[in-house]
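Report on one structure; see the data block that follows.
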Amino acid sequence: MKKTAAASAAPTAAAVFLVQDYRLDFTLDSGQAFRWRRHGEAWEGAVGGRWVRLQAGPQRLEASTAAPVPGWDWLADYLQVEARLGAILDSFPTDDLMRRAIAACRGLRLLRQDPWECLASFLLSSTKQIVQIRQMVELLCRRYGDPLAVPPGTEPMNAFPTAARLAACSEKELRECKLGFRAPYLRETARWVAEHDEAFGHLAELPLAQAREQLVQFPGVGEKIAECVLLFAFGMSAAFPIDVWIARGLGCHYFPGRRVSACRLREFAAGYFGPHAGYAQQYLFHYLRTQS
DNA sequence: GTCCAGGAGCCAT
DNA sequence: ATGGCTCATGGA
């Protein structure tokens, strides 16, 4: 996609991504990322250690940063502006539920997130509502994330804390960020990631099954959270997180009147939703959470 | 007050 | 393999 940098005397930089079928609001507020905040028509967040403001226009996304940047590939990658959504939607099954989800959520995209931030964030997600996950993440960032440069008059923003920084926290300090029983899990996982920086960085290059096998080794990370990381950070679009919403939705629509085990649901999903099963999953999740 | 949340770990069947 | 229990905390 085309992008035009327009940095000048202003202390900020801006770019435009030309896109079709890109619903920024669905994408940033569908429970795949937890730090984006809406300010009127714009969204503010942090990507790749930079403060970013995004705004949707007609067939375009407008982006700005607080300081000049050498290029925009990092943001194009995060936003996945080059993903061919039409082909992805065409690969979905065409049952009634999927048709309704597509009609309601068209333009929803999967982001390509930082693996550590994604793993840590979803590690905190167990038996928490999205609003509460956002709160825990916000507290962690405010206390343990490095401050980012922001434009004058803008709310302060910190980077997501590094694994090393969180590994250095006491369990008590983490509990003070309202993590509850998740505190020791995050601490231990952060410690491993900090000590095996390079190995962690290479997980995304493994085949899906091997990457999954590695992820579930972390304390507090089971099947569901592992699938989230595979899908939202590693770009493995066949990964299929099954949370309570998806389990209910699948059971209700594809196995009416029967009780189906989690194992059976996984089996069904793996065979039914096609090569972009995880993408379909996100459409279902957003649809079920907002429309019913 | 009660129920439940983008679960995981542990133990008893 | 499967089912129940517990974990901590706050919204609805």
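Remember, predicted model here, so these are calculated numbers, not experimental data. Every chain is numbered from 1, with letters handed out A, B, ... down the list of sequences.
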Inset, instruction - Can you tell me the pairing partner of C/dT9 across any strand shown, Watson-Crick or G-U wobble, with both distances under 3.5 angstrom? - result: B/dA5
Legend entry - Under 3.5 Å on both distances, the Watson-Crick or G-U partner of B/dC11: C/dG3
Inset, instruction - For the pair A/Phe268 and A/Phe255, name the ring-plane relationship: parallel under 30°, tilted 30 to 60°, perpendicular over 60°. - result: perpendicular
So what does [X] hit on the nucleic acid, given a heavy-atom distance under 4.0 Å: a base, only sugar-phosphate, or nothing?
{"X": "A/Phe34", "answer": "nothing"}
{"X": "A/Ile225", "answer": "sugar-phosphate"}
{"X": "A/Cys228", "answer": "nothing"}
{"X": "A/Ser121", "answer": "nothing"}

Between [N] atom [atom2] and [X] atom [atom1], what is the distance in whole Å?
{"X": "A/Arg259", "N": "C/dA1", "atom1": "CZ", "atom2": "C1'", "result": "14 Å"}
{"X": "A/Leu288", "N": "B/dA5", "atom1": "CG", "atom2": "P", "result": "13 Å"}
{"X": "A/Glu223", "N": "C/dA1", "atom1": "CD", "atom2": "P", "result": "13 Å"}
{"X": "A/Gln282", "N": "B/dG6", "atom1": "CD", "atom2": "P", "result": "13 Å"}
{"X": "A/Ile130", "N": "B/dG6", "atom1": "CD1", "atom2": "C1'", "result": "6 Å"}
{"X": "A/Trp245", "N": "B/dC4", "atom1": "CH2", "atom2": "P", "result": "12 Å"}
{"X": "A/Met136", "N": "B/dG7", "atom1": "CE", "atom2": "P", "result": "10 Å"}
{"X": "A/Phe218", "N": "B/dG9", "atom1": "CZ", "atom2": "C1'", "result": "17 Å"}

Inset, instruction - Decide whether a cation-pi geometry holds between A/Arg53 and A/Trp51; the criteria are a distance under 6.0 Å from NZ or CZ to the six-membered ring centre and an angle within 45° of the ring axis. - result: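 Geometry flag: not set, cation outside 6.0 Å or 45°.
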Legend entry - P atoms of C/dG4 and B/dC4, separation to the nearest Å: 15 Å
Legend entry - Span that lies between the P atom of B/dG6 and that of C/dT6, in whole angstrom: 23 Å
Inset, instruction - Determine, using ring centers only, whether A/Tyr22 and A/Phe17 are less than 6.0 Å apart. - result: no
Legend entry - Ring centre gap for A/Phe34 and A/Phe122 strictly below 6.0 Å: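 Ring centroids of A/Phe34 and A/Phe122 are less than 6.0 Å from each other.
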Legend entry - Between CG on residue A/Asn158 and CZ on residue A/Arg143, distance to nearest 0.5 Å: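 The CG atom of A/Asn158 sits 12.0 Å away from the CZ atom of A/Arg143.
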Legend entry - A/Leu97 CG to A/His253 NE2 distance, which is reported to the nearest 0.5 Å: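 It comes to 4.5 Å.
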Inset, instruction - Could you pick out which residue, A/Gly220 or A/Phe285, lies toward the 5' side of DNA chain B when each is mapped onto its nearest nucleotide? - result: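 This one resolves to A/Phe285.
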Inset, instruction - Mark yes or no for a side-chain to base donor-acceptor pair under 3.5 Å between A/Glu227 and B/dG6, with no hydrogen or angle criteria applied. - result: no
Inset, instruction - Give a yes or no answer on whether the side chain of A/Arg264 reaches the backbone of A/Ser261 with a donor-acceptor pair at less than 3.5 Å. - result: no
Inset, instruction - List the protein contact pattern of nucleotides 5-12 of chain C with one symbol per nucleotide (5' to 3'): B for base contact, S for sugar-phosphate-only contact, - for none; contact means a heavy-atom distance under 4.0 Å. - result: --BBBBS-
Inset, instruction - Compare every heavy atom of A/Thr27 with every heavy atom of A/Arg109, then report the nearest pair and how far apart it is. - result: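 Closest approach of A/Arg109 to A/Thr27, heavy atoms only: N-OG1, 3.1 Å.
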Legend entry - Among B/dG6, B/dG7, B/dA5, the one nearest A/Arg248 by side-chain distance: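 The answer is B/dA5.
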